[in-house]
Amino acid sequence: LRFQYKTQDLESLLSYAVKVYSMPPPKNLEESQKKSTFKTLNITAGSLILDDDSSGNWRPSLSTRFFKEDAIGITFAHYPPSYNVTQFEVRLIKRSVSEDETFIKRLYTQPPDSQGSQGSLSFTKLEDDEYLIKVEGIDPFPTQVDKCSCWYEERKNIKKCLGRCNTVSSDWIKVSIDDPGKWIPPLSTSVLKEGAIEVKIGHSPSRFNLTQFKVILKKKTSFENSAFKTIFYTEPPDSLKPAGLVSFTNLVTDEYKIVIQVIDPFLKQTGKCLCWVKGANGRHCRNSCGSDATDWIEVPANVPGKWIPTWNTRMLKEGAIEVKIGHSPSRFNLTQFKVMLMKGTSFEKSAFKTIFYTEPSDSLKPAGLVSFTNLDNDEYKIVIQVIDPFLKQVGKCLCWVRGTNGRHCKNSCGRVATDWMEMSVDVPGKWIPPLNTRVLKEGAIEVKIGHSPSRFNLTQFAVILKKRAFSENNAFQTISYTEPPDSRKPAGSVSFTNLENGEYKIVVEVIDPFLKQVGKCLCWIKGTNGRRCKNKCGVVVSDWINVSVHVPEELKAERSRNSSPSELNKGTMITTLLTVIFLVGST
């Protein structure tokens with residue numbers, strides 16, 4: 001038995017092998033068979049082998065190699081010296097003649113003084129066809145009674161010696177002197193001014209009759225390595241042109257690569273194939289072969305104001321949208337972008353979030369990257385605008401716009417927008433409540449909290465106000481908010497009033513609805529001693545908010561009078577007197 005292992009757990013593998021090795025022989029075996037069933041346990045670097053002394057249990061390895069000179073070279077392992085098997089029968093089977101009968105047979109004898117572990121021979125001057133190699137060890141006891149390497153039971157209690165055994169076979173090997181499956185189509189490209197790439201495909205030799213091609217366009221700033229666009233081209237039967245022609249049009253500024261593949265003309269014919277591929281379960285046919293690819297080709301835009309940034313988006317599982325922005329051509333030097341996130345159910349009609357992105361001067365990446373995180377279930381749209389690099393220069397503009405009173409300059413142009421994308425965060429413990437704040441004139445901050453999805457049923461929130469002058473870490477005020485069960489408003493609202501001048505931050509936490517239920521938790525956390533439950537999760541934090549309260553002059557004067565030195569001394573005396581009274585009373 002041979003155990004091939006692909007695991008680092010060698011200890012368990014050894015224990016299993018020893019268990020098999022120590023198993024008693026089956027009861028129906030004769031005593032002589034019981035004694036000679038398992039004799040040695042060999043542990044090698046790549047396998048565990050349980051074998052006996054019979055050469056019939058050893059299987060030779062085989063490798064083949066196809067040479068350009070229409071020959072197949074065969075290499076096979078010699079038997080271990082203790083088996084005394086030195087002769088092999090090597091057979092070549094030709095598929096077009098017969099898939100079972102031998103086409104050429106050769107005998108190989110291991111030299112008596114050979115120190116090598118392998119033997120080899122070759123079949124040469126082969127024609128275009130498919131071939132299969134079979135190697136068998138020849139019984140070293142052909143004339144000795146009751147000795148054999150490979151017995152088989154012909155009838156009950158009647159065994160017969162085959163004389164040859166341990167057959168090992170190769171896969172079918174395709175030999176082709178002038179192989180159409182290896183032909184590569186000639187390819188040339190040119191970039192047109194109108195944002196297009198023209199591709200010319202050379203004809204195949206007439207004897208091959210390859211007329212169908214798959215032409216793939218890849219885009220450098222795309223997330224996927226798959227095709228950005230694909231054209232299937234068929235060469236006309238009466239074509240007199242030196243090459244076929246296809247074009248990719250309406251391309252935005254980016255870098256592109258052309259990949260061309262020959263389509264198998266035998267695609268729907270059983271047993272025929274242009275490109276056979278070897279696999280674990282035998283050979284299979286590829287739909288296309290003869291592949292070639294160009295280098296990356298830059299498609300430029302000649303007018304900077306009309307250049308549209310290339311972009312790509314993807315939604316991450318953590319409730320985030322990642323946006324990739326392609327670089328502008330170096331001659332345009334457009335490096336600043338306004339990236340806006342629009343929310344379907346946002347309180348405002350304008351952008352829900354905005355990120356201003358500036359491309360680093362030494363960036364070597366194919367695209368810039370920005371991300372919008374902590375998003376809840378909703379629909380979102382990404383809008384990207386190029387910011388005018390001449391914004392503060394008089395008389396210069398990236399995008400002039402005509403109006404009734406002449407032309408005027410737009411602050412941003414090169415606008416591109418995605419379709420609406422649905423964000424679905426299905427884990428209640430990872431849901432982040434939507435948050436919006438505004439400062440009221442009366443020295444108050446109003447906080448709006450978006451509802452959770454109905455399937456989550458999260459209705460309790462801790463709304464924390466932090467004051468920078470007080471402590472950046474500890475709460476200054478806290479309001480516990482519970483969403484009314486019959487609320488029809490788009491968001492819950494709480495307010496912090498009577499605030500003084502200063503900077504404040506809002507923190508909203510989702511309170512666990514399973515707080516008092518044993519074994520249930522909204523947010524489990526892994527720790528050194530196992531998991532534990534957090535009381536609050538789904539935390540969202542605002543930026544620091546500046547509250548500026550306007551104090552009238554009359555009130556300032558009144559406060560100033562109340563804070564005169566005499567008043568302050570009076571307050572100090574009263575405080576001292578109260579302290580003395582308190583100490584005497586305590587005594």
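Because the structure is predicted, anything quoted here is derived from the model rather than measured.
Between Tyr256 and Lys219, the shortest heavy-atom distance links the atoms CE2-CG, 3.8 Å. Nearest heavy-atom pair, Val541 versus Leu435, reported as atom, atom and distance to 0.1 Å: C-CD2, 4.4 Å. Contact record, Ser328 with Glu359: N-OE1, 4.5 Å, taken as the closest heavy-atom pair. Summarising the geometry of Thr373 relative to Lys353, their closest heavy-atom pair is O-NZ, 3.1 Å, with the distance given to 0.1 Å. What you find for Thr478 and Phe496 is that their closest heavy atoms are N-CE2, 4.5 Å. The two atoms that bring Pro389 and Gln393 nearest to each other are O-NE2, 4.0 Å, heavy atoms only.
To the nearest 0.5 angstrom, Leu398 atom CG is 6.5 Å from Phe390 atom CZ. Once rounded to the nearest 0.5 Å, the distance linking OG1 of Thr189 with CD1 of Ile201 reads 11.5 Å. A distance of 9.0 Å separates CG in Asn436 from CD in Glu446, rounded to the nearest 0.5 Å. Atom CD1 in Ile506 sits 14.5 Å away from atom NZ in Lys448 (nearest 0.5 Å). Rounding to the nearest 0.5 Å gives a distance of 4.5 Å between CG of Leu217 and CD1 of Ile258. For the atom pair Ile231 CD1 and Phe213 CZ, the distance stands at 14.0 Å (nearest 0.5 Å).
Taking the side chain as every heavy atom from C-beta outward, Gln477 and Ile479 never approach each other to under 4.5 Å. Between Glu379 and Met342, the closest side-chain pair of non-hydrogen atoms is not below 4.5 Å. The side-chain heavy atoms of Phe476 and Ser471, taken from C-beta on, include no pair separated by under 4.5 Å. At a threshold of 4.5 Å between non-hydrogen side-chain atoms, the residues Ser495 and Ile445 do not count as touching. By the 4.5 Å heavy-atom criterion applied to side chains, Thr497 and Leu440 are not counted as neighbours. Counting heavy atoms from C-beta on, the side chains of Phe356 and Val339 never come closer than 4.5 Å. Between Val508 and Val539, every side-chain heavy-atom pair lies at or beyond the 4.5 Å cut-off. Using a 4.5 Å heavy-atom threshold, the side chains of Val199 and Ser247 count as separate.
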Take Glu503 and Val547, measure what side-chain contact (heavy atoms from CB on, under 4.5 Å) needs, and give me the verdict at the end. CA-CA 6 Å; Glu503 288 184 287; Val547 174; over 6 Å; no
Show the numbers, then the answer: is there a side-chain contact (heavy atoms from CB on, under 4.5 Å) between Phe337 and Ile387? CA-CA 5 Å; Phe337 303 89; Ile387 298 176; 5.8 Å; no
Would Val215 and Phe248 count as a side-chain contact (heavy atoms from CB on, under 4.5 Å) here? Give the steps. CA-CA 10 Å; Val215 188; Phe248 294 95; 3.9 Å; yes
Please evaluate residues Trp544 and Glu472 with respect to the criterion side-chain contact (heavy atoms from CB on, under 4.5 Å), reporting the C-alpha separation (whole Å), side-chain torsions for both, the decisive distance (0.1 Å), and the verdict. CA-CA 10 Å; Trp544 286 104; Glu472 291 190 8; 3.9 Å; yes
Full working for disulfide bond (SG atoms under 2.5 Å apart) between Cys409 and Cys397: CA-CA 6 Å; Cys409 186; Cys397 182; 1.9 Å; yes
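Lys467 meets the salt bridge (charged side-chain N to carboxylate O under 4.0 Å, His left out) test with Glu500; sequence neighbours excluded. Partners of Pro484 according to the side-chain contact (heavy atoms from CB on, under 4.5 Å) rule, which considers only residues two or more places apart in sequence or in another chain, are Tyr481, Asp486, Ser487. Partners of Gln336 by side chain to side chain donor-acceptor pair (under 3.5 Å), not counting sequence neighbours: none found.
Disulfide status for Cys537 with Cys523: present, SG atoms under 2.5 Å apart.
Heavy atoms from other residues, nucleotides or ligands lying under 6.0 Å from CZ of Arg532 number 12 at most.
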